[in-house]
There are 2 protein chains.
Amino acid sequence: MAENEARKTTIEDVARAAGVSRAAVSKVLRNAYGVSPAMKLRVDKAIEELNYRPSVAARAMRGSSYTLGIEIPDFGNQFFTRVLRGASRALAGTNYQLIIAPAEEGMRQGYRAIEALLDQRVDGLIAVSPLVSQEWLERAAVQTPIVMFGRHDESPYYDTVAGDDSAGTAALMQHLFDLGHQRIAHLTINALSSAARSPHDIRLTTYEKCMVDAGLAGNIRVIRCGEGLDPSYEAARDMLDEGPAPTAIVAGHDELALGALRAVMERGLPISVAGYDDVPLAGHPLVSLTSVSQPGEDMGARAVEMLLERLAGRDVAEHETYAPELRPRKTTYPPARES
Amino acid sequence: MAENEARKTTIEDVARAAGVSRAAVSKVLRNAYGVSPAMKLRVDKAIEELNYRPSVAARAMRGSSYTLGIEIPDFGNQFFTRVLRGASRALAGTNYQLIIAPAEEGMRQGYRAIEALLDQRVDGLIAVSPLVSQEWLERAAVQTPIVMFGRHDESPYYDTVAGDDSAGTAALMQHLFDLGHQRIAHLTINALSSAARSPHDIRLTTYEKCMVDAGLAGNIRVIRCGEGLDPSYEAARDMLDEGPAPTAIVAGHDELALGALRAVMERGLPISVAGYDDVPLAGHPLVSLTSVSQPGEDMGARAVEMLLERLAGRDVAEHETYAPELRPRKTTYPPARES
DNA sequence: TTGAAAGCGCTAACAC
DNA sequence: GTGTTAGCGCTTTCAA
């Protein structure tokens with residue numbers, strides 16, 4: 001009932017139908033130089049009639065696959081959704097396709113996903129805060145243009161797009177100080193060896209610096225958790241149950257903030273919580289979470305453009321940083337209601 | 001500074017290093033029949049040393065690509081994230097890779113994404129409630145095993161995995177009736193011609209049937225909106241501003257419900273809102289949204305298994321339906337607070 | 001401007 | 001149990 005019955009139409013079929021050579025069809029396909037309008041017309045007609053679609057595999061073997069890859073670490077984080085949308089839009093109108101590889105949890109996270117993309121012979125790839133070492137990525141970038149997204153460890157071998165996490169965090173801390181907070185805790189994801197200079201690293205160190213500068217070094221408190229709503233909830237809950245509660249919690253990103261918020265509400269404590277990324281829900285009246293906004297769509301689109309520029313010949317690395325914007329919102333929450 | 005310097009290692013290199021033929025290496029790679037343990041050892045060693053990774057493109061040309069594709073219509077919907085996780089997990093341990101194609105908005109939505117996956121010569125693909133016609137999908141399924149996820153239009157040509165949307169919606173409606181609601185509106189996404197028997201179609205018709213059966217045919221009210229938080233917010237807001245308000249709104253899924261909830265809160269109206277899918281945030285104390293839970297991870301994993309079974313030779317279609325579970329939660333919300 | 005032919009890296013069929 | 005060989009569908013010289 002399934003499996004290959006009809007053979008797929010090949011470039012050969014198109015060539016025969018149009019009465020030209022395979023090479024001619026190939027040229028039309030890539031609108032390469034040296035095809036008469038007349039021939040292009042006939043070939044296009046044949047392609048249309050036969051409903052021909054070139055095999056990415058075959059193309060990838062000789063030339064390019066016309067495919068860009070993007071590695072995403074965590075689909076739970078809605079910020080990445082924005083990045084994806086931006087990337088997708090920037091590709092519309094080109095003849096490039098986007099494929100995504102999910103980096104499942106576990107130590108070898110980013111490596112496997114990026115390797116999978118490389119195995120597909122993508123023409124370029126965007127790695128979103130990948131948990132891979134810089135040298136490894138540089139070696140990979142020799143073969144395939146790479147845009148590192150989020151991390152701040154710039155390299156002459158690959159381009160980077162990142163938000164100014166330092167400025168964003170500083171603005172957020174200042175906001176909390178202005179509100180009178182002195183005992184501010186920081187909830188961040190577990191430290192991953194290879195993720196030096198990750199956004200979360202910068203946010204953490206900036207948090208610490210701000211505390212120190214404000215003369216609150218003694219109040220520094222860092223809590224680690226796994227990625228996601230539940231791990232952040234549990235970590236925050238444990239913190240609240242263990243020691244003296246802080247008056248505010250700054251989370252590494254909004255999803256963690258939401259998890260922490262759940263713990264805060266369950267305990268009925270008057271603790272302010274703030275996040276990062278300003279995901280769509282942060283502005284919802286139900287949530288109204290203070291956060292730091294990043295232009296995710298623009299950043300995603302720019303990452304794609306950088307790749308396209310590389311494919312067009314650029315050979316010096318570019319590093320772009322986007323300014324974040326503080327989104328001050330509610331700071332005190334009602335305790336949990338029924339259910 | 002970039003671009004190909006070192007040639008990638010090929011099967012040839014491995015063969016030479018191990019002192020065997022390319023065919024031998026190929027067999028080891030696929031752990032095919034007829035390789036002595038001794039040879040396997042030497043080949044594995046060479047692969048390891050050379051850090052060899054087979055080219056998916058080259059493999060796809062002759063045999064299989066060892067790649068499964070999944071088309072996802074909307075990353076804003078966190079239910080799909082669960083499905084993805086399940087699919088990803090089911091693949092761990094196999095030598096298959098997962099690649100995702102995003103179906104951007106626009107009319108040709110699903111087609112482009114699925115075609116992109118087919119162009120990559122994936123060995124099988126999961127199409128998540130795609131907006132494509134049944135015949136088109138059947139034709140595609142002749143070439144490549146397909147699991148249709150979500151939609152209920154079963155076919156002898158492809159497998160399906162779906163939730164029992166009818167039962168889920170009925171349970172939800174009953175819950176609202178029990179609570180005394182009579183004027184219940186339904187907020188659903190815009191009707192797409194080719195999406196007959198989509199989950200949203202079923203939810204809509206079940207809503208209507210429940211209303212009729214309860215003798216409330218006159219109170220039926222269906223509002224359409226685009227996908228996402230903002231479109232659903234706007235649609236709900238317009239509805240509230242236009243006519244007499246319902247006492248409850250049943251949304252096609254949680255994201256739409258959240259959008260509607262924003263409108264309800266802004267208007268300060270005592271309207272109950274319910275969603276579908278029970279996304280992680282629905283259970284958050286801040287949100288506490290009544291919803292219908294579906295075992296997304298199991299469903300995603302099962303879809304992958306079905307594909308694997310097809311690749312292993314099964315040739316009759318299978319159709320699996322998963323029972324949903326009502327998650328009754330809070331029904332009245334406070335009006336919006338400052339900011 | 002067009003076409004012929006070589007070959008990308010792999011697997012499958014078959015010979016040894 | 002192992003190697004030889006013929007292509008898969010394209011792109012890319014290079015000659016016509």
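A note on names: the letters A, B, ... follow the listed sequences, proteins ahead of strands, and every chain is numbered from 1.
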Legend entry - Rounded distance in Å - CG (A/Leu50) to P (D/dG9): 14 Å
Inset, instruction - Please tell me if the side chains of B/Asn51 and B/Thr9 come closer than 4.5 Å, counting only heavy atoms from C-beta onward. - result: no
Inset, instruction - Verify the distance criterion only: is there a donor paired with an acceptor across the side chains of A/Ser55 and A/Arg59 at less than 3.5 Å? - result: no
Legend entry - B/Arg59 CZ to D/dG9 C1', straight-line distance once rounded to whole Å: 18 Å
Legend entry - Test salt bridge (Lys or Arg N to Asp or Glu O under 4.0 Å) applied to A/Glu297 and A/Arg302, A/Arg82, A/Arg89, the passing residue: A/Arg89
Legend entry - Outermost DNA chain C nucleotides near chain A [under 4.0 Å, heavy atoms]: C/dT1 to C/dG9
Inset, instruction - Would you tell me if any nitrogen or oxygen in the side chain of B/Ser21 comes within less than 4.0 Å of OP1 or OP2 on D/dG3? - result: yes
Legend entry - For atom CD1 of B/Ile11 and atom P of D/dT5, their distance in whole Å: 17 Å
Inset, instruction - Give me the bend of the helix from C/dT1-D/dA16 to C/dC16-D/dG1, using the axes of the five pairs at each end, rounded to 10°. - result: 30°
Inset, instruction - Report which part of the nucleic acid A/Tyr52 touches: base, sugar-phosphate, or nothing (heavy-atom distance under 4.0 Å, all strands). - result: sugar-phosphate
Inset, instruction - Answer with yes or no whether the side chains of B/Ser26 and B/Arg30 bring together a donor and an acceptor at under 3.5 Å. - result: yes
Inset, instruction - For B/Val25, answer base if it contacts any base atom (sugar-phosphate contacts may also be present), sugar-phosphate if it contacts only those atoms, and nothing otherwise; contact means non-hydrogen atoms under 4.0 Å. - result: nothing
Inset, instruction - Please check if the distance between the ring centroids of B/Phe75 and A/Phe75 is under 6.0 Å. - result: yes
Legend entry - A/Thr67 and A/Asp123, any side-chain heavy atoms less than 4.5 Å apart: no
Legend entry - 5′-ward residue of the pair B/Met61/B/Tyr33 relative to DNA chain D: B/Tyr33
Legend entry - A/Tyr52 side chain near A/Leu29 side chain, heavy-atom distance below 4.5 Å: yes
Legend entry - Test item: B/Val25 and B/Val28 side chains (from C-beta on) under 4.5 Å apart, heavy atoms: no
Output one line per pair: protein atom, nucleotide atom from nucleotides 12-15 of chain D, and distance, for all N/O pairs under 3.5 Å.
from   : atom 1 : to      : atom 2 : distance (Å)
D/dT12 : OP2    : A/Arg30 : NH1    : 2.8

Legend entry - B/Leu137 side chain reached by B/Ile114 side chain, heavy atoms, under 4.5 Å: yes
Inset, instruction - Starting at atom CZ of A/Arg121, determine the distance to atom C1' of D/dG9, rounded to an integer number of angstrom. - result: 16 Å
Inset, instruction - Would you indicate whether the side-chain heavy atoms of A/Ile100 and A/Leu117 approach each other to under 4.5 Å? - result: no
Legend entry - A/Glu71 side chain to A/Ile126 backbone, donor-acceptor under 3.5 Å: no
